[in-house]
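What follows is one structure encoded as structure tokens, with my remarks underneath.
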Amino acid sequence: QVQLVESGGGLVQTGGSLRLSCAFSGGTFTTYAMGWFRQAPGKEREFVASISLSGGRSEYVDSVKGRFTISRDNAKNTMYLQMSSLKPEDTAVYYCAADRSYIRTGMLKRSGYDFWGQGTQVTVSS
């Protein structure tokens, strides 16, 4: 029932920027913590960032701290990932995900999300 649709991926040069969007439907957006994950060819899926219900808390994997910013607009049922100073190692399929447990636990997670989008390709040229 919950559906997540990513957009905004593309090809960018090293040092460039992209903003990814994730549109949420089929549920109550404000009851889900949200997260971004990525998967590069031949590698396992990796946690990137997460954000609390109202956007007051966020967490990042160390490799993107200072470069990526996660945000959400609850009036638009949309989550974003602003990516700056992009590096070739950021190349991956990026997925958005929804976590229904946060409303009970108050804990941001790096795994075990409940719903997933289809992914959007981000390619950073060297």
Side-chain angles (χ1 to χ4, degrees):
Q1 185 177 17
V2 170
Q3 186 175 14
L4 305 173
V5 180
E6 302 95 334
S7 61
L11 175 64
V12 65
Q13 293 183 337
T14 297
S17 299
L18 283 174
R19 188 178 76 157
L20 306 183
S21 298
C22 173
F24 177 105
S25 62
T28 304
F29 185 53
T30 52
T31 66
Y32 290 83
M34 300 292 294
W36 287 100
F37 294 76
R38 65 188 181 186
Q39 187 166 21
K43 295 186 177 181
E44 295 184 345
R45 184 178 60 193
E46 175 190 32
F47 167 82
V48 176
S50 60
I51 190 166
S52 59
L53 307 185
S54 61
R57 297 175 56 219
S58 60
E59 294 185 0
Y60 301 88
V61 68
D62 287 346
S63 60
V64 309
K65 288 180 179 176
R67 301 188 298 119
F68 290 11
T69 301
I70 189 171
S71 62
R72 64 192 292 164
D73 186 340
N74 287 341
K76 296 181 178 179
N77 286 1
T78 303
M79 176 183 64
Y80 305 95
L81 185 68
Q82 178 66 52
M83 305 184 294
S84 300
S85 301
L86 283 162
K87 306 173 180 180
E89 49 263 48
D90 296 317
T91 295
V93 177
Y94 283 70
Y95 299 90
C96 69
D99 168 33
R100 61 189 172 193
S101 72
Y102 183 87
I103 195 168
R104 293 184 289 104
T105 67
M107 298 177 61
L108 293 172
K109 301 192 300 185
R110 300 192 173 205
S111 64
Y113 282 62
D114 300 290
F115 301 101
W116 296 84
Q118 82 289 344
T120 186
Q121 176 71 47
V122 172
T123 303
V124 184
S125 64
S126 60

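If you read the sequence from its start, that first residue is 1, and numbering goes on from there.
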Go through the steps for Lys109 and Ser50 under the test side chain to side chain contact (heavy atoms under 4.5 Å, CB included), then give the verdict. CA-CA 7 Å; Lys109 301 192 300 185; Ser50 60; over 6 Å; no

I'd like to know whether Arg38 forms a side chain to side chain contact (heavy atoms under 4.5 Å, CB included) with Asp90, so could you lay out the CA-CA distance, the side-chain angles of the two residues, the decisive distance to 0.1 Å, and finally the verdict. CA-CA 9 Å; Arg38 65 188 181 186; Asp90 296 317; 2.9 Å; yes

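Within the 4.5 Å cutoff, the side chain of Val12 has no heavy atoms near those of the Met83 side chain. Counting only heavy atoms from C-beta outward, the side chains of Glu6 and Leu20 never approach each other to under 4.5 Å. With contacts defined as side-chain heavy-atom distances shorter than 4.5 Å, the pair Arg100/Thr31 does not qualify.
Of all the heavy atoms in Glu59 and Arg57, the pair that sits closest is OE2-NH2, 4.1 Å. Scanning both residues, Ala33 and Leu53, for their nearest heavy atoms gives N-CD2, 3.3 Å. Among all heavy-atom pairs drawn from Phe47 and Tyr113, the shortest one is CE1-OH, 4.4 Å.
Without hydrogens or angle criteria, Tyr32 side chain to Asp114 main chain gives no donor-acceptor distance under 3.5 Å. Under a 3.5 Å cut-off, the side chain of Tyr102 and the backbone N or O of Ala98 do not form any donor-acceptor pair.
The distance from the OG atom of Ser52 to the CD1 atom of Ile103 is 11.5 Å, given to the nearest 0.5 Å. The CG atom of Asn74 sits 11.0 Å away from the OG1 atom of Thr28 when rounded to the nearest 0.5 Å. Atoms CG and CE, on Asp73 and Met79 in that order, are 12.5 Å from each other to the nearest 0.5 Å. Glu46 contributes atom CD, which lies 8.0 Å from atom OH of Tyr94 (distance to the nearest 0.5 angstrom).
Listed by first then second residue, pairs satisfying disulfide (SG to SG under 2.5 Å) with a partner in residues 17-115 read Cys22-Cys96, not counting sequence neighbours.
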Per-pair distances, 0.1 Å, donor-acceptor, side chain in residues 119-126, under 3.5 Å, sequence neighbours excluded:
| from | atom 1 | to | atom 2 | distance (Å) |
| --- | --- | --- | --- | --- |
| Thr120 | OG1 | Gly9 | N | 3.2 |
| Gln121 | NE2 | Ala92 | O | 3.4 |
| Gln121 | NE2 | Thr123 | OG1 | 3.3 |

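Phe68 and Trp36 have their aromatic ring centers separated by at least 6.0 angstrom.
Environment of NZ in Lys65: crowded, with over 12 heavy atoms of neighbouring residues, nucleotides or ligands closer than 6.0 Å.
In this structure, Arg72 satisfies the cation-pi test against Phe29, with its NZ or CZ atom closer than 6.0 Å to the six-membered ring centre and inside 45 degrees of the ring normal.
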